[in-house]
Amino acid sequence: MAVRGTKDLFGKELRLHQHIVATARRVLEAAGALELITPIFEETQVFEKGVGAATDIVRKEMFTFQDRGGRSLTLRPEGTAAMVRAYLEHGMKVWPQPVRLWMAGPMFRAERPQKGRYRQFHQVNYEALGSESPILDAEAIALLYESLKELGLRRLVVKLSSVGDPEDRARYNAYLRELLSPHREALSEDSKERLELNPMRILDSKSEKDQALLQELGVRPMLDFLGEEARAHLKAVERHLGRLSIPYELEPALVRGLDYYVRTAFEVHHAEIGAQSALGGGGRYDGLSELLGGPRVPGVGFAFGVERVALALEAEGYGLSEERGPDLYLIPLAEEAVEAAFYLAERLRPRLRVEYALTPKKPGKGVEEALKRGAAFAGFLGEDELRTEEVTLKRLATGEQVRLPQAEALGFLLSALA
RNA sequence: GUGAGCGUAGCUCAGCUGGUCAGAGCACCGGACUGUGGAUCCGGGGGUCGUGGGUUCAAGUCCCAUCGCUCACCCCA
């Protein structure tokens, strides 16, 4: 058995994944993004500092191990910290700014698996580094939205908020603590813990008890606490989205789970894929590079989950076209013809996709097998053909048939298939 | 980490209140079928009934434990 929360990818499922990544590649590279593949493990520090020691990811969801030298390494739980590490390491700050990067690959989190959540899952990440311009925030949202639109998804919901600058957030958390501490006992167990660690997350609680209390106390949204600059930044992002006709909802309760976010936060949801409805999310993280020991490099980006997008496509009834079969399926009609089929297949490869039966077949059976495989042509090799070094080719779509020297088969098939 | 549901053939599942209960369909292989269309008919291989204990004359069937899967919570992709 594959270990808990992991799975083997093949067949239709693999093709769908590859299609999703290929579509994202097209959209992101059209915007000038450079593909990057970082290692799937990093020094644990990269994530502890970059993602934040207080986050759930670092506290309980990382696969961490020691190498033989006693260094602590971690399977990457997300992509942004690693991509910023790469940006710093390769001196991309001297490239023309901003630098747009994208990456597709596996991520690892030690959570209990459920629908749309796996321990090894796949993300497409995009980051624009080196500018604070709200144009790049709007562009990131647009690129995420377009990637999903290009795949054919329709029922998308973009949620937008701002978590403000660090000082705004500090003021807001202080406000929440002051407001809620007297009612600590009325909160759910989870939210009591949130009150200590990150009061903003209480807004996101799914507990009815919590939501009723918040309602009753008339809690003010984070957006009320935005400073002058963060407010202007959000307004600019909204204006750009409006001009691009990207529908969005302001979602004051939207809270990012990672410490490095400032200002813009967004998610794209799809209603029909179960409890884990977020296809992707992202935001701005101007302080991240400093946490990793570099100079200040502002950035904004997103990630979306390939498995979740695949679920959403299935929910919308998306169907992949059938797998393309071989160009030619060779059918040996006699024992001696099996080897001849192998030799002829090798002669035609790799220009053509050629398969053959390993045991002699009766013609009817052979045609049946060729059809099952979705072959364009069936090729018969019987005693007659062996004697004359010929092969009988049958175009399965029309039934028309021709017998010709094996030496001419390649040319014939190439022009017939063109 | 918490809760609920579920583990019988490669896949989808049947198997009532314990007594031919080791089954079906699909898939795979072969035959009917001497050189031509995914069909049909017939046959075949394949399962320690997740695992370990227990109750019983008798356990896929009941009890306990354990492992796994699924969904949900937490949080997120």
Side-chain angles (χ1 to χ4, degrees), chain A residues 1-7 11 20 51 54-61 76-80 104-125 144 148 188-194 197-198 201-202 204-207 210 254-258 265 267-270 273-282 302-312 325 329 331-334 337 357-375 377-385 392-401 403:
Chain A
M1 290 286 287
V3 306
R4 173 196 281 261
T6 71
K7 63 175 171 180
I20 291 167
V51 178
T55 60
D56 282 3
I57 288 180
V58 171
R59 284 170 62 224
K60 51 190 188 192
E61 296 173 6
R76 63 184 185 199
E78 59 102 45
T80 303
M107 304 291 161
F108 305 84
R109 292 184 201 170
E111 299 177 273
R112 191 95 168 238
Q114 70 186 66
K115 186 171 187 181
R117 171 157 58 209
Y118 313 97
R119 289 187 159 189
Q120 173 171 341
F121 60 102
H122 297 80
Q123 279 189 341
V124 169
N125 281 254
L144 172 55
L148 301 175
S188 67
E189 286 308 309
D190 288 326
S191 286
K192 282 177 192 166
E193 198 180 336
R194 293 185 185 111
L197 287 168
N198 189 349
R201 287 202 203 146
I202 297 175
D204 214 16
S205 172
K206 286 177 189 167
S207 154
D210 292 349
L254 182 66
V255 177
R256 305 272 67 212
L258 282 51
E267 291 182 353
V268 176
H269 287 255
H270 192 276
I273 60 172
Q276 309 304 323
S277 67
L279 299 180
F302 68 77
F304 71 77
V306 176
E307 285 84 357
R308 290 194 184 172
V309 170
L311 285 172
Y329 184 72
I331 303 157
L333 299 174
L358 248 193
T359 54
K361 303 283 172 197
K362 288 172 188 163
K365 263 293 198 254
V367 169
E368 200 175 303
E369 289 185 10
L371 288 165
K372 265 188 209 167
R373 278 159 224 259
F377 278 86
F380 298 99
L381 287 170
E383 290 173 15
D384 301 349
E385 286 88 348
T392 299
L393 299 176
K394 180 189 190 74
R395 188 192 278 271
L396 292 167
T398 61
E400 61 185 309
Q401 188 163 310
R403 182 157 155 182

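Lettering of chains follows the sequences in order, A, B, ..., and the numbering in each one begins at 1.
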For this session: Could you tell me the separation between the CG atom of A/Leu396 and the P atom of B/G38, rounded to a whole number of Å?
Result: 12 Å
Problem set entry | Distance, P atom - from B/C33 to B/G52, rounded to whole angstrom | 49 Å
Exercise. Is any N or O donor-acceptor pair between the side chain of A/Arg112 and the base of B/A72 shorter than 3.5 Å?
Worked result: no
For this session: Could you please spell out the steps behind the side chain to side chain contact (heavy atoms under 4.5 Å, CB included) verdict for A/Arg308 and A/Phe121?
Result: CA-CA 9 Å; A/Arg308 290 194 184 172; A/Phe121 60 102; over 6 Å; no
Problem set entry | A/Glu368 (side chain) and B/U36 (base): donor-acceptor pair under 3.5 Å | no
For this session: Name the nucleic acid region contacted by A/Gln401, choosing base, sugar-phosphate or nothing; use a 4.0 angstrom heavy-atom cut-off, strictly under.
Result: base
Exercise. Once you round it to whole Å, what is the distance between P of B/A77 and CG of A/Asp56?
Worked result: 11 Å
Problem set entry | A/Arg4 vs A/Thr392, nearer the 5' end of RNA chain B by closest nucleotide | A/Thr392
For this session: Would you mind pulling out the nucleotide paired to B/A24, Watson-Crick or G-U wobble, both distances under 3.5 Å?
Result: B/U12
Problem set entry | B/U48 pairs with, by Watson-Crick or G-U criteria that keep both distances under 3.5 Å | none
Exercise. Taking CD1 from A/Ile331 and P from B/G38, how many angstroms apart are they, rounded to a whole number?
Worked result: 13 Å
Exercise. Does any nucleotide pair with B/C29 by Watson-Crick or G-U wobble geometry, both distances under 3.5 Å, and what is it?
Worked result: B/G43
For this session: Looking only at side-chain atoms of A/Lys362, point me to the closest of B/C71, B/G35, B/A77.
Result: B/G35
For this session: Using the C1' atom on both, measure B/C41 against B/A4 and round to a whole Å.
Result: 48 Å
Problem set entry | Pairing nucleotide - B/C73, Watson-Crick or G-U, each distance under 3.5 Å | B/G1
Exercise. Rounded to whole angstroms, how far apart are CG on A/Leu311 and C1' on B/A77?
Worked result: 11 Å
Exercise. How close or far is atom C1' of B/G37 from atom CD of A/Glu369, stated in whole angstroms?
Worked result: 13 Å
For this session: Could you measure between the two P atoms, the one in B/U55 and the one in B/C63, and give it in whole Å?
Result: 15 Å
For this session: Using whole Å, report how far CD of A/Gln276 lies from P of B/U70.
Result: 13 Å
Exercise. Should A/Gln114 be listed as having a side-chain N or O under 4.0 Å from OP1 or OP2 of B/C73?
Worked result: yes
Problem set entry | Separation of atom CG in A/Leu254 from atom P in B/C75, rounded to whole Å | 13 Å
For this session: Heavy atoms only: give me the nearest A/Leu311-A/Gly116 pair and the separation to one decimal.
Result: CD1-CA, 3.7 Å
Problem set entry | Whole angstrom value for the distance that separates P of B/U36 from NZ of A/Lys394 | 9 Å
Problem set entry | Partner nucleotide, any strand, of B/G68 [Watson-Crick/G-U, under 3.5 Å] | B/C6
For this session: Classify the nucleic acid contact of A/Gly366 as base, sugar-phosphate or nothing, counting any heavy atom under 4.0 Å across all strands shown.
Result: nothing
Seminar exercise, completed: Relative to its sugar, using the 90° cut-off around 0, the base of B/G47 is anti
Exercise. Can you tell if the side chain of A/Leu333 reaches within under 4.5 Å of the side chain of A/Asp384, non-hydrogen atoms only?
Worked result: no
Exercise. In the structure shown, which nucleotide is the Watson-Crick or G-U wobble counterpart of B/A58, with both distances under 3.5 Å?
Worked result: none
Exercise. Minimum heavy-atom separation for A/Gln120 to A/Phe108, with atom names?
Worked result: OE1-CE2, 3.2 Å
For this session: Check if the side chain of A/Glu111 and the base of B/A77 share a donor-acceptor pair of N or O atoms closer than 3.5 Å.
Result: yes
For this session: May I ask you to verify if any side-chain N or O of A/Lys60 is less than 4.0 angstrom from the OP1 or OP2 atom of B/G1?
Result: no
For this session: Can you establish whether the number of heavy atoms outside A/Glu383 located under 6.0 Å from its atom CD is more than 12?
Result: no
For this session: Please evaluate the base of B/G35 for a donor-acceptor partner in the side chain of A/Glu385 within a cut-off of under 3.5 Å?
Result: yes
Exercise. What do you reckon, do A/Phe380 and the base of B/G35 stack, with centroid distance below 5.5 Å and planes below 30°?
Worked result: no
Problem set entry | Any A/Lys361 side-chain N or O less than 4.0 Å from OP1/OP2 of B/G30 | yes
Problem set entry | Separation between the P atoms of B/U51 and B/G60, rounded to whole Å | 11 Å
Problem set entry | Minimum heavy-atom distance A/Ala375-A/Tyr329, with the two atoms named | CB-CB, 3.9 Å
For this session: Determine the Euclidean distance between corresponding P atoms of B/A24 and B/C69; express it in Å to zero decimal places.
Result: 31 Å
Exercise. When the C1' atoms of B/C26 and B/U20 are considered, how many whole Å apart are they?
Worked result: 26 Å
Seminar exercise, completed: The nucleotide from B/U70, B/A77, B/C28 with an atom nearest the side chain of A/Lys372 is B/C28
For this session: Rounded to whole angstrom, note down the C1' distance from B/C64 over to B/U56.
Result: 16 Å
Problem set entry | Residue pair A/His122 / A/Pro106, side-chain heavy-atom distance below 4.5 Å | yes
Problem set entry | Position toward the 5' end of RNA chain B (nearest nucleotide), A/Ala2 or A/Ala303 | A/Ala2
Problem set entry | Nearest-angstrom distance, C1' atom, B/C28 to B/C11 | 12 Å
Problem set entry | Ionic contact status for A/Glu369 with A/Arg373, cut-off 4.0 Å | yes
